[in-house]
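Working notes, structure below.
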Amino acid sequence: MLKEYKSIKEVVGPLMLVDGVSGVKFDELVEIHQQDGSIRQGKVLEIEGAKALVQLFEGAAGIKISTSKARFLGHSLELACSEDMLGRVFDGMGNPIDGGAKIIPEKKYNINGQPINPAARDYPDEFIQTGISAIDGLNTLVRGQKLPVFSASGLPHAQLAAQIARQARVLDDSSKFAVVFAAIGITFEEADFFINDFKKTGAIDRSVVFVNLANDPAIERIATPRMALTAAEYLAFEKGMHVLVIMTDITNYAEALREVSAARKEIPGRRGYPGYMYTDLASIYERAGRIKGKKGSITQIPILTMPEDDKTHPIPDLTGYITEGQIILSRELYKNGINPPIDVLPSLSRLKDKGIGENKTRKDHADTMNQLFAAYARGKSSKELAAILGEAALTEIDLKFARFAEEFESKYIAQGFTNNRTIIETLDLGWRLLRILPKSELKRIRDNYLDEYYDA
């Protein structure tokens, strides 16, 4: 029996106070029925005695307290899941917005999910090919990993997100692969770009897309990544699929969290964000992984824009603590026309060594990766020295390293947003670039690999 109350006492912004309640639970869904027959939804944020504080999803404008009724539904926000979700576009609350029929659910799931028992987790160690050399060759993505992209305002992270969604695949062709894409607080133009790109390239057929626009309510923005992860958990652990979850932009999610926290008059933490933001972000990121005995997996690529290009800002700072590395986009590379502008030196995938090597990518991958990093770092130093002292001050070897750095940026990193390279093409390209340098300078590669690949 649903509980219905006519005791709405107060509405302040998106918050509503209902008095005289009993048996109501935290996070429970609420329907506000108005005299004209319209219904608005919300959820219970706080309970104190017989008072329930309700957060409205659509805002409170136009609600008449005296004639409205609050009906408590007895369950939290749920997502109706079925394999028919593939190829569909939903709003941030899980309602179809592509003109298609509603999903007939195989099962409904609470969007907050269930924590994965740490003892049941399986170690991520299988390669995922994104088709992007700067990621596959140097900062490899591993199945079950969470690898964020740190971007900045004006950089082409949307194009990078679409490219990864379009190109990503597992090398084992017998495994089903799906992409769950969550667009959080983006503009209509960005949403249009993603949906059109997915449809044009056919990526939509293996994708589930959730779109929350910038003018949608903040509370919906908080629900969107959880909707996406619930869909991913269903496809991965119920249907045995390998699922890549791409979320953009986590900064918009954190801003919504701050907005709701301010409306609740909570004590702010750093830069006004709630003190529990670390825990809240962890409740999203930690839903990635593999489970022993289950065929499927969830891999996450959260994308966030760093306010004022500041890596120490609370959002990238806390994200870095929870996740296994980061891919950093560079404004300098972007200004030089290098796309995708991935700055490989400060970027890091902490699990890259677990997903590469013989029977995964190729036996020479680890050695060439280390050598490319070292050579590029030395080449950049040589270029900086040449800018200060002039090229005449450089030795012959320094000039070769400087040339290597230029070629590396223009050929290896700058592959564009439509070029899809296999891991073998990426590794072969790395060897072509290393041949710019004398064999004696390649000290990080074993002699047998040099004999096999350098002289080939």
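The analysis underlying the following values was restricted to heavy atoms, covering all of them including side chains, and did not include hydrogens, waters or symmetry mates. Start at 1 with the first residue, then count along the sequence.
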Inset, instruction - May I ask you to test the Leu434-Ile445 pair for a side-chain heavy-atom distance under 4.5 Å? - result: yes
Legend entry - Atom of Ser151, atom of His157 and distance for their closest heavy-atom approach: OG-ND1, 2.8 Å
Inset, instruction - Taking atom CD of Glu391 as the centre, report whether more than 12 heavy atoms of other residues, nucleotides or ligands fall under 6.0 Å from it. - result: no
Inset, instruction - I would like to know whether Glu266 and Tyr276 meet side-chain hydrogen bond (donor to acceptor under 3.5 Å, both in side chains); could you show each step before the answer? - result: CA-CA 10 Å; Glu266 293 172 337; Tyr276 53 79; 2.8 Å; yes
Inset, instruction - First locate atom CD of Glu220, then atom CZ of Phe57, and finally report the distance between them rounded to the nearest 0.5 Å. - result: 9.0 Å
Legend entry - Exercise: identify the closest heavy-atom pair between Phe193 and Ala158: CE2-O, 3.8 Å
Legend entry - Presence of salt bridge, Lys292 and Asp122, under 4.0 angstrom: no
Legend entry - Sequence neighbours excluded, every pair satisfying salt bridge (charged side-chain N to carboxylate O under 4.0 Å, His left out) that has a member inside residues 434-448: Asp367-Arg446, Arg378-Glu441, Lys439-Asp451, Lys439-Asp455, Glu441-Lys443
Legend entry - Ile424 atom CD1, over 12 foreign heavy atoms within 6.0 Å: yes
Legend entry - Side chain Thr140, main chain Asp136, donor-acceptor under 3.5 Å: yes
Legend entry - Sequence neighbours excluded - ring pair (Phe, Tyr, Trp, His ring centres under 6.0 Å) pairs with any residue from residues 352-378: Tyr376-Phe408
Legend entry - Residue pairs fulfilling salt bridge (charged side-chain N to carboxylate O under 4.0 Å, His left out) with at least one residue in residues 195-204, sequence neighbours excluded: Arg166-Asp197
Inset, instruction - Start with the C-alpha gap between Gln167 and Thr130, add the side-chain angles, then the distance that decides, and say whether side-chain hydrogen bond (donor to acceptor under 3.5 Å, both in side chains) holds. - result: CA-CA 6 Å; Gln167 296 178 178; Thr130 64; 5.9 Å; no
Inset, instruction - Ignoring hydrogens and angles, tell me if any N or O in the side chain of Asp98 forms a donor-acceptor pair with the backbone of Val89 under 3.5 Å. - result: yes
Inset, instruction - Please answer whether the main-chain N or O of Asp84 pairs with a side-chain N or O of Ser82 as donor and acceptor at a distance below 3.5 Å. - result: yes
Legend entry - Test log, rule salt bridge (charged side-chain N to carboxylate O under 4.0 Å, His left out), inputs Arg221 and Asp216: CA-CA 7 Å; Arg221 201 153 301 140; Asp216 288 331; 5.8 Å; no
Legend entry - Residues that Asn448 engages under side chain to side chain donor-acceptor pair (under 3.5 Å), provided they are two or more places apart: none
Legend entry - Any Gln415 side-chain heavy atom under 4.5 Å of Asn420 side chain: no
Inset, instruction - Would you indicate whether the side-chain heavy atoms of Val208 and Arg88 approach each other to under 4.5 Å? - result: no
Inset, instruction - State the CG-CD1 distance between Leu160 and Ile342, to the nearest 0.5 angstrom. - result: 5.5 Å
Inset, instruction - Please report the closest heavy-atom contact between Gly296 and Phe237, naming both atoms and the distance. - result: O-CE2, 4.0 Å
Legend entry - Heavy-atom side-chain contact between Leu229 and Gln300 under 4.5 Å: yes
Inset, instruction - Using a strict 4.0 Å threshold on nitrogen-to-oxygen distance, state whether Lys363 and Glu358 make a salt bridge. - result: no
Legend entry - Distance-only side-chain donor-acceptor flag, Ser133 / Arg421, under 3.5 Å: yes
Inset, instruction - Please round to the nearest 0.5 Å and tell me the distance separating atom CG of Leu351 and atom CG of Asn139. - result: 11.5 Å
Legend entry - Shortest non-hydrogen contact from Pro124 toward Val142: C-CG1, 3.4 Å
Inset, instruction - Specify the closest pair of heavy atoms between Pro96 and Lys102, including all atoms of both residues, with the distance to one decimal. - result: CG-CA, 4.0 Å
Inset, instruction - Using the six-membered ring of Tyr273, assess whether NZ or CZ of Arg258 lies under 6.0 Å from its centre and within 45 degrees of the ring axis. - result: yes
Legend entry - Pairs flagged by side chain to side chain donor-acceptor pair (under 3.5 Å) wherever residues 332-352 is involved - sequence neighbours left out: Gln145-Ser349
Legend entry - salt bridge (charged side-chain N to carboxylate O under 4.0 Å, His left out) against Asp192, all qualifying residues, sequence neighbours excluded: none
Legend entry - Distance, nearest 0.5 Å, that separates CG of Leu427 from OH of Tyr453: 8.0 Å
Inset, instruction - Verify whether one side chain among Asn212 and Asp91 offers a donor that lies under 3.5 Å from an acceptor in the other. - result: no
Legend entry - Leu56 and Ile219, any side-chain heavy atoms less than 4.5 Å apart: no
Legend entry - Flag if over 12 foreign heavy atoms under 6.0 Å of CZ, Phe188: no
Inset, instruction - Applying side-chain contact (heavy atoms from CB on, under 4.5 Å), name anything that partners Ala214, two or more places apart in sequence or on another chain. - result: none
Using a 3.5 Å cut-off and no angle test, enumerate the donor-acceptor pairs between side-chain atoms of residues 311-318 and protein atoms at least two apart in sequence or in another chain.
| residue | atom | partner | partner atom | Å |
| --- | --- | --- | --- | --- |
| Thr312 | OG1 | Asp310 | OD1 | 2.6 |
| Thr312 | OG1 | Asp310 | OD2 | 3.2 |
| His313 | ND1 | Ile315 | N | 3.2 |
| Asp317 | OD2 | Arg270 | NH2 | 3.0 |

Legend entry - Check: Ile111 main-chain N/O paired with Thr230 side-chain donor or acceptor under 3.5 Å: yes
Inset, instruction - Answer whether the closest heavy-atom distance between the side chains of Leu385 and Lys383 falls below 4.5 Å. - result: no
Inset, instruction - Go through the structure and list residues passing salt bridge (charged side-chain N to carboxylate O under 4.0 Å, His left out) with Glu407, not counting sequence neighbours. - result: Lys411
Inset, instruction - In plain terms, say whether Glu126 and Arg290 are close enough for a salt bridge, that is, a side-chain N and a carboxylate O under 4.0 Å apart. - result: yes
Legend entry - Nearest-0.5 Å distance that lies between atom CE in Met93 and atom OG1 in Thr224: 8.0 Å
Inset, instruction - Would you mind reporting whether Leu244 and Leu141 have side-chain heavy atoms less than 4.5 Å apart? - result: yes
Inset, instruction - Quick one: closest heavy-atom pair of Ile164 and Ile246, and the distance? - result: CG2-CD1, 3.9 Å
Legend entry - Asp364: partners by salt bridge (charged side-chain N to carboxylate O under 4.0 Å, His left out), with sequence neighbours left out: Arg362
Legend entry - Step-by-step side-chain contact (heavy atoms from CB on, under 4.5 Å) determination, Ile184 to Asp249: CA-CA 5 Å; Ile184 306 163; Asp249 182 338; 5.7 Å; no
Legend entry - Any Tyr454 side-chain heavy atom under 4.5 Å of Leu442 side chain: yes
Inset, instruction - Using salt bridge (charged side-chain N to carboxylate O under 4.0 Å, His left out) as the criterion, list what pairs up with Arg40, not counting sequence neighbours. - result: none
Legend entry - Spatial distance of atom OH (Tyr278) from atom CD1 (Ile322) [nearest 0.5 Å]: 5.0 Å
Legend entry - Sequence neighbours excluded - salt bridge (charged side-chain N to carboxylate O under 4.0 Å, His left out) pairs with any residue from residues 278-288: Arg121-Glu286, Lys146-Glu286, Arg226-Asp280, Glu233-Arg287
Legend entry - Phe198 ring center near Phe181 ring center (under 6.0 Å): yes
